[in-house]
Amino acid sequence: MDVDEQVIPVWQLSEGELFGGLLESEKTLRRQLGRMLEFVGEVEKRGVAVDQGYAGTVSLLMMALHLTRGEAKARLAQATTPMPLVEEALRTGEIGAAQVREIQKVLAQAPDTLPEAERLATENTLVELGCQADATQVAKVGQRILGHWDVEGTPPKDREHPQGPHREFHGRYRRDGQYVFTGQLDPESAAEFEGVMHPLAKPDPADADGTRDPRSIAQRQGDALAEIISRTARADDLPLTGGERAVVTVTVSLAELEQRAEAAMLNASGYTSISQLRRWCCEAKVLPAVLGTQGEVLDLGRAQRLATPAQRRALAIRDRGCTRPGCTRGPKWCQVHHVVSWIDDGLSDLDNMILVCAKHHRELHHTGWSARIRHGTPEFIPPEWLDPERKPLRNFAHHPLSRRGPDIPRQRQATPAPIPAVVWR
């Protein structure tokens with residue numbers, strides 16, 4: 001939209017101008033946030049607040065800007081934490097205040113021994129994700145990174161409790177007979193519990209009138225827990241996942257396999273040491289997945305017309321979850337989507353299938369978004385109103401710990417788009 005001094009009421013704008021104004025207004029707010037943080041950082045650096053009689057920069061921000069103490073502390077932390085890629089993304093209006101807050105929380109907890117190159121790679125990962133997703137998704141990936149740092153920074157002998165895994169359960173009856181409880185599980189038990197809970201917590205199919213399951217997620221999970229307890233009481237009727245107690249998928253490259261290497265990556269969560277993995281493999285079915293030099297699955301089960309369990313495992317290895325940029329949903333929560341639909345003669349091959357969660361599956365079918373697979377990697381193409389150039393996007397949410405070089409910082413084109421002819425009143 002061209003710059004225009006004239007105030008144009010929003011009701012007079014075309015649909016395209018409305019979308020353009022909406023996007024550019026948000027970018028303007030984000031660029032202003034970046035400028036605000038520059039001011040806060042300089043105020044702290046010069047000690048201006050103390051010179052003016054305030055206890056510190058936080059007190060100055062509270063009094064001058066009418067911020068709460070929490071808001072003032074957050075801004076100061078964001079302004080003084082070294083985040084060059086975040087600053088760049090703010091200048092171009094690519095991320096917002098909520099994403100900046102979550103990224104700063106993670107970087108502030110980086111170990112002192114973390115190499116600068118890895119810290120920069122972590123920041124780049126979070127910024128890339130922040131450009132695709134909301135702050136909740138950034139926070140989820142941030143927790144994974146913090147967990148990785150905790151494990152990496154803990155000596156192997158200390159990763160497991162010598163007395164066994166730490167678990168707690170606290171419960172009490174209310175006057176109305178309801179049972180209220182809290183507790184915690186170790187990572188191994190939590191992963192196993194989630195695997196049992198997930199299939200039982202799915203929404204019921206719509207009834208004959210098309211009415212969907214009215215239960216909330218919390219209610220469905222509560223009903224699933226009750227079902228688990230009921231089935232456990234009958235022991236022999238304990239639910240299994242796909243007819244197997246557990247499945248551990250081990251991926252190894254073809255070259256490594258030929259060299260009889262022992263290095264492998266496990267598509268599993270909840271483990272914190274090799275000894276735990278050994279215990280899992282004593283009980284689980286281990287499926288070898290042979291990968292080529294580009295990470296493509298060369299051999300994993302027999303191909304069939306529809307997405308078989310073997311193909312779903314292959315997709316889980318390749319996609320690691322929902323492929324929609326910014327989505328953190330894991331494979332268990334995903335559906336198989338044909339890039340070229342079956343109706344249009346699309347094949348049920350791995351080169352034509354991607355994993356998407358139910359929400360983003362609907363988005364692909366009912367909005368302007370589309371998907372493709374390029375060089376074995378799924379890519380999403382945004383609608384024209386969101387990106388006139390329709391540049392393909394990839395999901396970085398499932399690869400937060402990928403190692404990239406220290407020269408990662410993306411050279412964004414900091415050419416601010418013109419401000420639309422929309423003035424808010």
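Residue numbers count from 1 along this sequence.
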Hey, does Q52 have a side-chain heavy atom less than 4.5 Å from the side chain of L60?
no
Calculate, to the nearest 0.5 Å, the distance between atoms OG1 and NE2 belonging to T323 and H337 respectively.
8.5 Å
Min side-chain heavy-atom separation E15-L18 under 4.5 Å
no
Who are the ring-ring contact (aromatic ring centres under 6.0 Å, His included) partners of H398, not counting sequence neighbours?
none
Which residues satisfy the salt bridge (charged side-chain N to carboxylate O under 4.0 Å, His left out) test with E168, sequence neighbours excluded?
none
Would you mind checking if E363 and R324 are paired as a salt bridge, meaning a charged N to carboxylate O distance below 4.0 Å?
yes
Kindly indicate whether the side chain of W369, heavy atoms from C-beta on, has any atom under 4.5 Å from the side chain of L393.
yes
Tell me, please, which residues at least two apart from A133 pass side-chain contact (heavy atoms from CB on, under 4.5 Å).
L129, Q137
If we ignore angles and hydrogens, is there a donor and acceptor under 3.5 Å between the side chains of T80 and E44?
no
Would you compute the distance between atom CZ of R394 and atom CD of E379 and round it to the nearest 0.5 angstrom?
4.5 Å
Within the structure provided, determine whether C322 and H361 are in side-chain contact (heavy-atom separation under 4.5 Å).
no
Looking at E71 and R75, does any basic side-chain N land under 4.0 Å from a carboxylate oxygen?
no
For E38, which residues count as a salt bridge (charged side-chain N to carboxylate O under 4.0 Å, His left out) partner, sequence neighbours excluded?
R35
Does a side-chain N-to-carboxylate-O contact under 4.0 Å join D204 and R215?
yes
Only counting residues at least two apart or in another chain, list the ones meeting salt bridge (charged side-chain N to carboxylate O under 4.0 Å, His left out) with D351.
none
Given side chains that start at C-beta, do those of L120 and E123 come closer than 4.5 Å, heavy atoms only?
yes
How long is the straight-line distance from OG1 of T182 back to CZ of R172, given to the nearest 0.5 Å?
9.0 Å
What's the spacing between D223 CG and M197 CE if we round to 0.5 Å?
10.0 Å
Quick one: ring-ring contact (aromatic ring centres under 6.0 Å, His included) partners of F19, sequence neighbours excluded?
W385
Salt-bridge contact R31-E24 (side-chain N to carboxylate O under 4.0 Å):
yes
Of all the heavy-atom pairs spanning L90 and G34, show the shortest one and how long it is.
CD1-CA, 3.8 Å
Please round to the nearest 0.5 Å and tell me the distance separating atom CG of L126 and atom CE of M83.
10.5 Å
Would you say that R30 contacts R91 through its side chain, given a criterion of any heavy-atom pair below 4.5 Å between the two side chains?
no
